[in-house]
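For reference, the structure is listed below as structure tokens.
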Amino acid sequence: MLQVSTIEKEFDRCLEGLKKRGFEDAESHLNEVLTIDADRKKLQGELDDVLHESNKLAKEIGQLFQQGKKEEVNKIKERTSNLKQQSKAMGEELNALESTLTKLLYNIPNIPHSSVPAGKSEDDNEVVKIDDGAIPELKEHKKPHWELIEEFDIVDFELGNKVSGAGFPFYKKEGARLVRGLINYFLDKAVDAGYEEVQPPVVINEASGLGTGQLPDKEGQMYQMEASNLYLIPTAEVPITNMYRDVILKEDQLPIKHAGHTPCFRREAGSWGSHVRGLNRLHQFDKVEVVQVVEPSKSYAVLDEMVAHVQDIIKSLNLPYRILRLCAGDLGFTSVITYDFEVYSAAQEKWLEVSSVSNFEAFQANRLKLRIKNKQGKKELGHTLNGSALALPRIMAAILENNQDGDSIKMPDVLHSYLGFKEIRK
RNA sequence: AGAGGCGUGGCAGAGUGGUCGAAUGCGGCGGUCUUGAAAACCGUUGUGCCGCGAGGUACCGGGGGUUCGAAUCCCUCCGCCUCUGCCA
């Protein structure tokens with residue numbers, strides 16, 4: 001969530017940014033935040049005065065009791081009960097103001113970076129790089145992956161339907177080993193790049209969902225376990241970033257770099273249709289996520305570092321890719337700037353999103369109360385970033401389609417040692 | 001899951017109704033001493049909110065209550081420990 005102080009100091013920039021996103025009634029929202037916050041401050045001061053008075057009287061009563069002056073005590077008690085009623089009413093009003101303010105702030109998205117292009121939908125995203133040198137020419141053998149996985153019997157959707165439901169496939173034989181190999185390869189790359197590996201829980205509580213911005217608005221996108229009031233994670237970003245909720249980091253602990261593999265669960269309600277087939281969209285998929293917590297002054301250098309990391313992995317798999325800078329309208333609620341990576345899947349003749357790398361600046365940190373204390377003892381909110389490095393199913397789809405050769409599918413060289421085979425045969 | 005116990009500052013650990021944001025020890029930071037270091041000694045050392053400031057206010061797991069006054073009493077939720085049960 002945005003800081004009130006940011007809205008106050010940089011009102012015009014905030015307003016402009018929200019308009020760029022197409023956020024309705026931006027100006028009245030921002031103004032309301034400032035009004036309520038001013039009311040809150042005023043009331044807080046008044047309440048403190050009342051409490052001050054009543055604390056003073058309570059101390060007097062204590063002293064009078066010790067001196068045995070009971071009649072005087074009774075006189076003062078009348079005044080305190082009056083003050084108590086006042087402070088109670090004021091306290092309730094203050095709580096109400098605070099919760100209204102929080103709700104308002106929860107509903108205001110992050111301010112896009114100045115380099116983020118204007119635009120409403122994915123059609124307006126800006127292509128910042130295309131490396132399509134590796135696009136294969138498929139002539140005789142040009143089957144989409146959903147046909148290949150059936151022919152080679154390596155992913156089974158029917159079985160998934162029976163056991164779980166649509167979007168929960170079984171991976172089998174070389175398919176299962178490819179999943180395992182990719183996870184290991186991606187984790188090794190992350191560890192080599194200095195990320196500390198973690199295996200987080202795949203369920204999170206409500207506080208964590210609020211911390212990274214999945215709640216309160218987007219609970220419909222997560223699977224919820226009502227009986228225990230827990231959610232299945234949509235991405236490892238949630239548990240990993242929440243490791244640092246309510247934490248004050250020392251400057252010399254930074255940068256915090258974590259990588260973790262988890263399955264990710266997404267309900268994807270209403271987003272199914274004939275255009276999403278096979279591995280293109282699933283309710284459960286594997287992903288290796290990288291997360292960093294850094295000093296504000298360094299977050300853009302770190303964003304570049306993360307983009308380079310993802311690019312390096314995709315290149316090593318010899319997949320054609322392009323990098324998009326998301327337009328304001330397509331930007332996630334919590335993000336200041338996001339680069340999407342897409343790989344080209346040659347039989348579908350489609351670009352598939354396989355990674356999303358974002359800088360949230362202090363937006364998540366403000367919700368998380370994630371602060372950094374410098375050597376002078378000054379505290380400020382940290383910046384959080386994360387990126388997929390990488391999400392598996394679409395990478396699999398592109399590998400299968402781009403490397404098909406009739407009776408076999410060749411595996412990228414870098415994976416051979418991870419897989420124990422060089423190609424998948426019928 | 002049942003019974004009992006516990007939850008205090010970075011850590012350890014006092015405090016059972018009044019002047020307690022909280023003793024003490026350790027750790028951290030600054031200093032004295034030293035060629036340097038250690039030791040010793042001195043000082044300092046939680047977080048939020050309101051305020052230009054002085055200062056005020058809130059926080060002893062979370063929430064609620066009793067009381068003029070709560071770390072301390074009551075209720076409730078959460079977490080941890082021990083025993084019993086179950087189980088990869």
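From a predicted model like this one, the values you see are computed outputs, not experimental measurements. Below, chain A is the first sequence line, B the second, and so on; all start at residue 1.
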Is any side-chain heavy atom of A:L326 less than 4.5 Å from a side-chain heavy atom of A:Y339? no
On the 0 to 90° scale, with breaks at 30° and 60°, tag the A:H113-A:Y300 ring pair as parallel, tilted or perpendicular. tilted
Ranking B:rG18, B:rG46, B:rG48 by distance to the side chain of A:A58, first place goes to B:rG18
Heavy atoms only, 4.0 Å cut-off, all strands: where does A:K56 land among base, sugar-phosphate and nothing? nothing
B:rC73 pairs with which nucleotide, Watson-Crick or G-U wobble, both distances below 3.5 Å? B:rG65
May I ask you to check whether over 12 heavy atoms, not counting those of A:Q253, lie within 6.0 Å of atom CD? yes
Tell me what A:L57 touches on the nucleic acid: a base, only sugar-phosphate, or nothing, going by heavy atoms under 4.0 Å. nothing
Taking only the side-chain heavy atoms of A:I61 (C-beta and beyond), determine which of B:rG18, B:rG65, B:rU19 contains the nearest atom. B:rG18
Categorize A:R40 for me: base, sugar-phosphate, or nothing, with a 4.0 angstrom heavy-atom threshold over every strand shown. sugar-phosphate
Within the 4.0 Å heavy-atom criterion, would you say A:K369 contacts the bases, only the backbone, or no part of the nucleic acid? nothing
Kindly say if A:R371 contacts the phosphate of B:rU47, meaning a side-chain N or O under 4.0 Å from OP1 or OP2. no
Any A:N55 side-chain nitrogen or oxygen under 4.0 Å from OP1 or OP2 of B:rA58: yes
A:D48 side chain: which of B:rC68, B:rG48, B:rC49 is closest? B:rC49
Nearest to the side chain of A:Q44, which nucleotide is it out of B:rC49, B:rG56, B:rC68? B:rC49
Looking at every strand, decide which applies to A:K59 at a 4.0 Å heavy-atom threshold: base, sugar-phosphate, or nothing. nothing
Just checking, any donor-acceptor pair under 3.5 angstrom between side chains of A:S208 and A:E206? no
Nearest to the side chain of A:L51, which nucleotide is it out of B:rG48, B:rA58, B:rU19? B:rA58
When we call it a touch if two heavy atoms are under 4.0 Å apart, what does A:D49 touch: a base, just sugar-phosphate, or nothing? nothing
What is the distance, rounded to the nearest whole Å, between atom NZ of A:K77 and atom P of B:rG18? 16 Å
Assigned partner base of B:rA58, Watson-Crick or wobble definition, under 3.5 Å: B:rU47
